[in-house]
2 protein chains.
Amino acid sequence: MERDTGLSKDTLRVWERRYAFPNPARDQHGERVYPIEQVEKLRLIKRLMDCGHRPGKIIGQSIEILRALGGGLGKESTGPVDLEIFLNLISSHQLPELRSLLSQTMARSGLQNFILKTIVPLNVAVGDAWMSGRIAVFEEHLYSELVQNLLRNAIAAIQPQGRTPRVLLTSLPQEQHSIGLLMAEAILAVEGASCIPLGPQTPMADIVTAARVHHADIVALSFSSSYPETKVAESLKQLRLALPVSKHLWAGGNGSARLRKPIEGVQTVVSFEKMLDMVKLWREASA
Amino acid sequence: MERDTGLSKDTLRVWERRYAFPNPARDQHGERVYPIEQVEKLRLIKRLMDCGHRPGKIIGQSIEILRALGGGLGKESTGPVDLEIFLNLISSHQLPELRSLLSQTMARSGLQNFILKTIVPLNVAVGDAWMSGRIAVFEEHLYSELVQNLLRNAIAAIQPQGRTPRVLLTSLPQEQHSIGLLMAEAILAVEGASCIPLGPQTPMADIVTAARVHHADIVALSFSSSYPETKVAESLKQLRLALPVSKHLWAGGNGSARLRKPIEGVQTVVSFEKMLDMVKLWREASA
DNA sequence: TTAATAAAGTTGTCCAAGACAAATAGTTGA
DNA sequence: TCAACTATTTGTCTTGGACAACTTTATTAA
């Protein structure tokens with residue numbers, strides 16, 4: 001259930017006590033068995049919470065109402081590219097067609113624009129489509145794999161220039177999403193920065209050591225919206241203390257956008273567009 | 001601690017009660033704070049358990065003795081390629097050199113041989129080197145990223161032939177290791193099979209649906225040694241029941257090698273070499 | 001001596017309810 | 001309009017008991 005919903009065991013228990021939901025059946029040993037509709041409702045609630053809703057307010061609502069609440073989320077942003085075509089290919093399992101359309105789009109717009117104008121909005125659209133029940137988990141997985149291949153191939157095609165800044169890219173142990181890291185790496189590679197990609201889930205002590213031995217100028221962390229809210233600021237403060245002041249610390253992803261107060265010595269990467277400006281600023285400052 | 005050691009919260013608690021280890025300090029709120037040496041010992045124990053040791057027997061030993069126990073693990077297999085060179089490059093952070101040596105080796109031996117003779121033994125060697133404290137977590141991460149890039153690029157270079165069998169590749173929700181899936185995909189791609197790579201952590205219901213809509217002939221699952229032992233057989237039986245009998249079900253990875261009794265209708269992929277034979281057999285049978 | 005069976009020991013996961021710190025919302029006063 | 005204070009909400013940690021499933025050892029039969 002933790003994996004399926006993104007909610008911790010303790011949270012599920014305390015919700016049972018407080019809100020009488022979820023209300024799982026019990027098997028012959030008295031252990032909880034969650035009906036599929038409760039799992040779906042929990043997933044919806046989790047996603048709405050990531051958008052700022054509070055559990056106590058929405059947990060009593062029916063699935064239909066929750067769906068409606070989420071429906072109006074990403075509608076306002078209609079990108080320049082028609083995302084509907086992509087979504088249709090995803091939900092109709094046209095793997096080769098989807099692959100070539102993505103490749104074509106990338107070739108046409110260039111890597112940076114492809115990420116900014118197509119992949120980022122498409123990720124949001126896919127998330128929404130999953131939420132409204134339009135596409136399934138495995139369809140999302142397949143799409144992710146495809147994008148990952150595309151990005152890794154593009155990055156490999158650019159390859160080392162040895163220019164500054166040297167950016168260490170990773171996420172903390174609780175954060176397993178890596179697609180954001182790849183997008184950042186691709187964009188930075190185009191800018192001519194040298195990336196040290198550690199992949200997701202690097203322990204803090206290792207980040208500090210890696211930054212030292214690889215002479216990183218910037219340590220960039222990614223936080224998805226499923227990263228525990230309370231932990232983001234805490235982890236960043238701790239890491240800031242452990243890193244030499246000379247090294248910049250950047251925090252990106254939807255999880256870091258929720259930060260209320262800025263943290264001393266930590267820069268928030270609001271968007272990939274802004275990240276380009278930040279690289280420019282770093283270069284000016286270090287010149 | 002769960003992430004850092006791979007041991008569940010409950011296991012850590014019950015060990016405290018039964019074996020008086022770990023014995024974490026407490027902060028001002030009475031919450032557990034684990035000294036670094038206890039974390040290391042726990043990691044060692046976890047790894048030794050994956051090799052068949054039982055916790056009660058080894059938990060009382062000192063770190064030195066545990067290290068010695070693990071040291072004699074993979075020594076017998078000295079591959080044809082000199083792994084020492086790779087290990088040295090990893091531990092001395094020579095990223096570009098490591099990258100090009102891997103590429104060269106791949107070009108020289110061919111993709112399949114590269115995986116069988118270099119990557120597989122190297123993965124084991126890296127794991128052992130981590131265990132003996134020779135390389136750090138972040139160095140292992142960097143190596144993983146590199147291999148992943150290499151494999152994904154190689155797979156992309158082969159690309160679709162539309163030949164059978166159609167193999168759906170994924171792992172179950174608790175299993176996050178994906179490098180084994182990539183190696184399998186690469187080897188199968190060379191054989192001309194069509195892969196549907198869903199990445200790791202696909203819920204069982206989604207695997208069934210995906211197998212249907214993509215007309216998969218074979219569903220191949222990967223289990224690493226950190227997958228809960230008791231769950232492997234259980235999950236496979238359940239999935240076997242949910243899949244049509246016409247679809248083959250293959251289980252690979254170190255986690256599935258621990259299966260004592262074979263499961264009706266499930267084939268164990270003992271090694272990548274054997275997988276090639278299995279593909280051949282499938283083709284003969286389906287002709 | 002071997003093989004099968006039973007008993008004893010080992011091990012991980014689940015259960016329940018309590019406590020509390022931190023975050024959020026609501027209220028009041030300047 | 002903003003800041004400070006209070007009340008409420010919320011998630012995570014705590015403890016120890018229970019037990020099913022697995023392993024090992026002992027016992028019995030062939």
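Within every chain, numbering begins at 1; the chains are lettered A, B, ... in the order of the sequence lines, protein sequences first and strands thereafter. Computation of the quantities below employed the complete heavy-atom set of this structure, encompassing side-chain atoms and omitting hydrogens, waters and symmetry-equivalent molecules.
If you take CG on Leu181(B) and CD on Glu175(B), they are separated by 8.0 Å, rounding to the nearest 0.5 Å. Rounded to the nearest 0.5 angstrom, Leu168(A) CG and Leu249(A) CG are separated by 10.5 Å. Taken from CG in Leu66(A) to CZ in Arg47(A), the straight-line distance is 13.0 Å, to the nearest 0.5 Å.
Distances shorter than 4.0 Å separate none of the side-chain N or O atoms of Arg54(B) from OP1 or OP2 on dG9(C). Applying the 4.0 Å criterion to OP1 and OP2 of dC14(C), one finds that Arg32(A) has every side-chain N and O outside that range.
Atoms NZ (Lys237(B)) and C1' (dA21(D)) sit 12 Å apart, rounded to a whole Å. Atom NE2 in His53(A) sits about 22 Å away from atom P in dA23(C), given to the nearest Å. At whole-Å resolution of the value, CE in Met49(A) and P in dA23(C) are 15 Å apart. Here dT12(D) presents its P atom at 18 Å from CE of Met1(B), a figure rounded to the nearest Å. Protein atom CD1 of Ile58(A) is 13 Å distant from nucleotide atom C1' of dT10(D), rounded to whole Å. Between Ile45(A) atom CD1 and dT10(D) atom C1' the separation is 14 Å, expressed in whole Å. Note: CD (Gln28(A)) to P (dC19(D)) measures 14 Å, nearest angstrom. Counting to the nearest Å, the P atom of dT12(D) and the CD atom of Glu2(A) are 10 Å from each other.
Between Pro55(B) and Gly30(A), the residue anchored closer to the 5' end of DNA chain C is Pro55(B), taking for each the nucleotide with the nearest heavy atom. For the pair Glu31(B) and His29(A), both in contact range of DNA chain D, the more 5′-proximal nearest nucleotide belongs to Glu31(B).
Residue Ser235(B) comes nearest to Met204(B) through the heavy atom pair O-CE, 3.6 Å, listed as atom of the first residue, atom of the second, then distance.
Each salt bridge (Lys or Arg N to Asp or Glu O under 4.0 Å) pair with one or both residues in residues 19-31 of chain A, not counting sequence neighbours, would appear here, but there are none. Listed by first then second residue, pairs satisfying side chain to side chain donor-acceptor pair (under 3.5 Å) with a partner in residues 5-15 of chain A read Ser8(A)-Thr11(A), Lys9(A)-Asp10(B), Asp10(A)-Lys9(B), not counting sequence neighbours.
Near DNA chain D, defined here as any heavy-atom distance below 4.0 Å, the residues from residues 5-21 of chain A are Ser8(A), Asp10(A), Thr11(A), Val14(A), Trp15(A), Arg18(A), Tyr19(A), listed numerically.
Salt bridge annotation for Glu139(B)-Arg134(B): absent, with no cationic side-chain nitrogen under 4.0 angstrom from a carboxylate oxygen.
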